[in-house]
Amino acid sequence: MPTVKKLAGYIKEYKFDTIITPIMMLGEVVVEMMIPLLMAKIIDKGIYGKDMSTIWKVGAWMLLAAAAGLFFGIMGGKYGASASAGFAKNLRFAMFEKVQTYSFKNIDKFSSASLITRMTTDVTNLQNAFQMLIRMGMRAPASLIVALILSISISPRLSIVYLVAVAILTVLVFFLSGTAQRLFNQVFKRYDDLNAEVEENVSGIRVVKAYVREDFEKTKFEKANENLYKIFVKAESLMVKAFPIMMGSVYACILAISWFGAHLIIQDELTTGELMSMLTYCMNILMSIMMFAGVIVMVLMSTAAAQRVCEVLDEEPDIKNPEKPVMEVKNGSVEFENVDFSYYENSSEPVLKDINLKINSGETIGIIGPTGSGKTSLVNLLSRLYDVTKGSVKVSGVDVRDYDIVKLRDSVSVVLQNNVLFSGTIYENLRWGDKNASDEECQHAAKLACADEFIEKFPDGYDTYIEQGGSNVSGGQRQRLCIARALLKKPKILVLDDSTSAVDTTTDSKIRASFRNDIPDTTKFIIAQRISSVQDADRIIVMDDGKIADVGTHEELLNRNEMYRELYESQTGAGSGDFDKV
């Protein structure tokens, strides 16, 4: 019930459509149930009574009833489609909106493939089930009840045949439905696996082709596809088995009614027209049961989907705004006080351990260290992409947990390791940093990032269209565009997470020079593998195993830190250059 109540809240502006649809379906049922009675009157009074006026008069009423039924059916379909599509639209938007509030920790809980399945396949199943519920969910039981009442009014004795068939079929449907629900729960997990395979293959298609691994990928997909096929066949076939039994019941009822009805006609307890009506109601009753079974199948499929959708909607972001947030970041000073950090609550060993560090506003800080030493984890704490496990991180003297999240993140620009560009022009991509930035401001930011050099060579310049993921520009060009985008935010703190690794050393040097000259008051964190990228920094942090191994200038670290010196010598012609072997 809580799930139903939660999902019902997303009907919103489509309440009228949701209410009017079952009313229209009820109207269609009432009109349709009148037709067999009118038909009986034509047979008994018109044909047997040889009364042509009765045939014309009742026939006209039958035409009106058929037209009215057609109108109610069309309106029910129209409003039902509007209500279900609107419900799905609201639900998708609510899920997407909720995902935008997730922290990295929340996103890690759901795979991207699973989130895509929930917003597409699961919501579509709910949409179909909702439409079936407000249309067939009203039509089937209403048709069943009205037909039973009219049948009993015509011949109570003959109606016993219906009641026996209805009882048997109802037990059968509910018996099969419990098993089917468990199978449908497994179906959606298989959908997640299938979407994961598709997402991985499409996003890495260049690597797949470069290594000629198409056959390997096809085998993986075929396995996931086969698993989905098997479980779907098992679930569907279970419910489909009920339909031949239902059809057998329909034919058995027709035979029984024909047999017993013929005897009643001979005994003058039933007319021929009434027998025809009983046969028509027989079909209505049993087809209603079959329609209702279809509704149950859809509801069972949607139950699993509803639970998965509600998991996304119920997930609470672990990073929230404080009740009275600080709305201004005054400067870019940073302080780490006794910081420990773990990605998971039950981790035996923290990723960062006992970090203490104080950085003045406007300083340039280099961060260097072996793979897995915690460099990226350290800077992720600045903009609250994650929260510390222990201790505190302060920006401008204020704990980052006390800031308004939007204001904090607007003050911290991060260029991540994996540079992501979106489909659109270069201007549109740059304005992710500032949606109101003028063309001149975009061009100035591009110049600081040394991106203007290649942009101006494009035939369309800044209006050049970037394909999804930036696939039509090189790695170095993509990095420079991302740096320009970050600079447009005019941040108090700028974080470059190995984001100049794909540019040549001359361009890297130009970018760093432009930072010194044009944004001197911005605190800059530069994570790098090349000593040349950080040697001009005011201070360099050497990370090792989640701890700060040393802090100092380039010259100081050369003199006293063996790890740093080994890397420097390797990059200038001596040594192995492998941090992990120092």
Side-chain angles (χ1 to χ4, degrees), residues 25 28-52 54-66 68-70 73 136 139-176 239-296:
M25 301 313 296
E28 184 185 21
V29 167
V30 170
V31 171
E32 281 186 0
M33 292 300 108
M34 290 170 59
I35 292 176
L37 294 176
L38 295 170
M39 186 186 299
K41 197 170 183 180
I42 287 178
I43 294 171
D44 293 337
K45 292 187 178 180
I47 297 174
Y48 282 106
K50 297 180 181 180
D51 186 351
M52 200 64 192
T54 299
I55 294 174
W56 283 108
K57 191 185 295 182
V58 177
W61 280 109
M62 283 184 70
L63 284 174
L64 285 173
L70 180 63
M136 296 300 107
R139 194 188 194 290
S143 180
L144 173 67
I145 293 167
V146 173
L148 274 173
I149 292 170
L150 292 174
S151 296
I152 292 169
S153 69
I154 294 171
S155 175
R157 289 172 62 188
L158 207 53
S159 299
I160 294 172
V161 175
Y162 298 148
L163 296 175
V164 172
V166 168
I168 292 172
L169 294 177
T170 302
V171 171
L172 174 68
V173 168
F174 280 97
F175 175 75
L176 292 175
M239 294 305 297
V240 168
K241 285 174 184 175
F243 288 97
I245 299 173
M246 288 181 179
M247 289 307 299
S249 300
V250 169
Y251 297 135
C253 280
I254 291 172
L255 288 171
I257 290 168
S258 300
W259 173 264
F260 291 116
H263 282 75
L264 291 174
I265 290 173
I266 294 171
Q267 297 169 12
D268 288 329
E269 293 183 27
L270 195 71
T271 67
T272 304
E274 287 174 335
L275 178 59
M276 293 297 296
S277 297
M278 292 293 286
L279 288 170
T280 305
Y281 290 137
C282 172
M283 290 298 296
N284 279 327
I285 288 169
L286 297 173
M287 291 307 293
S288 294
I289 294 175
M290 293 179 72
M291 280 193 290
F292 196 65
V295 172
I296 290 174

Mind checking the [atom1]-[atom2] spacing from [X] to [Y]? Nearest 0.5 Å is all I need.
X	Y	atom1	atom2	answer
L255	F260	CG	CZ	11.0 Å
E32	L70	CD	CG	10.0 Å
H263	E269	NE2	CD	11.5 Å
W56	M52	CH2	CE	5.5 Å
L150	M34	CG	CE	10.5 Å

Please find the pair of heavy atoms, one from [X] and one from [Y], that lie closest to each other, and give the distance.
X	Y	result
L279	S258	CD2-OG, 3.8 Å
S277	I154	CB-CD1, 4.0 Å
V31	A65	CG1-O, 2.6 Å

Checklist entry - Can you name the one residue among T271, L270, I257 that meets side-chain contact (heavy atoms from CB on, under 4.5 Å) with L264? => result L270

Checklist outcome for this item: Between I149 and the options I152, I145, V146, the side-chain contact (heavy atoms from CB on, under 4.5 Å) test singles out I145

Checklist entry - Near M33 CE, under 6.0 Å, is it more than 12 heavy atoms from other residues, nucleotides or ligands? => result yes

Checklist entry - When you look at CE of M62, are more than 12 heavy atoms from neighbouring residues, nucleotides or ligands closer to it than 6.0 Å? => result yes

Checklist entry - Are L158 and S151 close enough, and set up right, to give a side chain to side chain contact (heavy atoms under 4.5 Å, CB included), and what steps lead you there? => result CA-CA 8 Å; L158 207 53; S151 296; over 6 Å; no

